[in-house]
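Hydrogens, waters and symmetry mates are skipped; everything else that's a heavy atom, side chains included, is used. In each ligand, atom 1 is the first atom listed, and ligand 1 is the first ligand listed.
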Amino acid sequence: MSLLIINIKSLIQVRNQNVLKVSGEEMKHLPTIENAFLYIENDKIVDYGNMENCKNIKVSKTIDASGKIVMPTWCDSHTHIVYAGNREQEFVDRIKGLSYTEIANRGGGILNSAKTLQNTSEDDLYQQSIQRIKNVIKLGTGALEIKSGYGLTVESELKMLRVIKRIKEHYPLKIKATFLGAHAFPESYLKDKQGYIDLIINKMLPKIANENLADFIDVFCEKGYFSLDDTDAILTAGKQYGLILKIHVNQFNAFGGVALGVKHNALSVDHLEELNQDDIDALKGSDTMPVALPSCSYFLSIPYTPARQIIDSGLPLALATDYNPGSTPSGNMNFVVSTACIKMKMTPEEAINAATINGAYAMGISNEYGSITKGKIANLIITKPVPSYNYLPYSFGENNIETVIINGEVIT
Ligand SMILES: [Zn+2]
């Protein structure tokens, strides 16, 4: 199979020399070729350049992209896309004035999702989840991280991770699986928190490692959830099983979780709505990617991650959806990129870098995904005719995507 895309108005995020991530000032630059061609063989990007240099070669398929932008697909490095049921009733309760705590006390929140998931069969969970997967592919996502964490029992956490594995086997997009047993304390362990941490470390982790069900381990490090000591113990155990580390940190409170993540050489620290100078200093010089989740801030009306402070300190930043039934029932990376520009004052160049190459870095796959680079996997978005790439975040809420290519094949 060979595919040639010609007359591309702008081919964006072109990196002749592959980079694994872009930081600070570098994020302001989005390398672009105007009036370009792109040549794909099987699932790989083989060649690209200005139309003047496009050789007249025999190909299986040609696409004329006149007036359109071609770019790498979005890399969404933080989702909880595998879940059962929805929580639209809590959404209505919150509009009517109930607080999150009141909703949780009524049996809502993560524990509500856990109860529903525990009572949903593996097949049903798979069927519900693939509807969302199909949807995010249409929205231009070509690589996705998916977390467990609505099981909260040995059996149900395994069920979630097996569903993620099944999605990996049946769908062409790149998927990374994360074990998030430490998402919340289940009701039966509320008076024995150490007991649940022991269950994660001694029962869940060995089984997950044995079935090779996870690439990453994650902890919800937050007041009322998992403390610094709990997080430290769980990450240390995860590392011993060869898992790479991530943390949900600083969503509501800043109390040293970022530094703990950096100490453990976490691949990413995610949320960061509350961020202080110590957190920024801890991240400087580290290999840990800060990840912002603006559609969560939008949905919950909580502060946005201070992107300007992070980028102006010379740090990198990635953007992801946090797709989940409670705080972000949306997997739309186009909306995330728009919201990052509108609410976090990121430039379109910074936001697109954050949602492609830096998102790929936060999944440990930026050697193969996240930019237009020879030898990388051909996961691409072709937009509808648009005046410039600035139009993509500007026209928020509009679907500008015409075609999605995954592994060199036209999907939609
Ligand atoms: Zn999350």
Side-chain angles (χ1 to χ4, degrees), residues 74-84 86-87 90 100 104 108-114 117 129 132 136 141 143-152 157 160-161 164 175-185 200 214-226 231 234-235 238 243-254 257-258 261 266-275 288-305 317-333 335-336 339-340 354-355 359 362-363:
W74 305 121
C75 297
D76 188 354
S77 67
H78 183 138
T79 84
H80 309 251
I81 199 169
V82 168
Y83 60 83
N86 287 291
R87 304 212 314 247
E90 290 178 22
Y100 244 59
I110 295 172
L111 295 183
N112 183 5
S113 288
L117 189 135
S129 303
R132 298 179 204 118
V136 299
T141 297
L144 192 67
E145 181 260 15
I146 311 176
K147 301 174 197 294
S148 72
Y150 293 119
L152 308 181
E157 283 296 307
M160 286 190 81
L161 290 164
I164 299 171
I175 289 180
K176 287 283 187 177
T178 301
F179 169 49
L180 177 60
H183 196 191
F185 287 96
I200 290 174
D215 305 291
F216 308 135
I217 184 165
D218 193 344
V219 178
F220 188 28
C221 179
E222 185 54 65
K223 283 187 180 161
Y225 291 84
F226 294 83
T231 305
I234 296 164
L235 293 183
L243 300 181
I244 293 164
L245 316 180
K246 287 176 164 280
I247 328 183
H248 280 69
V249 77
N250 290 38
Q251 183 175 2
F252 302 108
N253 297 282
V258 172
L267 182 58
S268 71
V269 285
D270 301 31
H271 271 293
L272 312 176
E273 288 87 343
E274 300 295 330
L275 202 69
T288 302
M289 176 64 72
V291 180
L293 310 165
S295 41
C296 174
S297 297
Y298 175 84
F299 192 77
L300 292 184
S301 301
I302 61 172
Y304 287 87
T305 303
L317 184 65
L319 289 166
T321 61
D322 197 19
Y323 196 172
N324 78 82
S327 65
T328 321
S330 161
N332 190 342
M333 281 295 283
F335 177 78
V336 165
T339 308
M363 289 185 268

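- The six-membered or imidazole ring of Tyr304 lies away from that of Tyr298, with a centre-to-centre distance of 6.0 Å or more.
- Taking the Zn ion (ligand 1) as reference, His248 places its N/O/S atom NE2 nearest.
- Judged by distance alone, the side chain of Glu145 and the main-chain N or O of Thr79 form a donor-acceptor pair under 3.5 Å.
- As for Asp322, its N/O/S atom nearest the Zn ion (ligand 1) is the one called OD1.
- Ring pair Phe220/His271 is tilted by interplanar angle, where 30° to 60° counts as tilted.
- At least one N/O/S atom of His78, whether from backbone or side chain, sits less than 2.8 Å from the Zn ion (ligand 1).
- Applying the 6.0 Å contact sphere to OH of Tyr225 captures no more than 12 heavy atoms from other residues, nucleotides or ligands.
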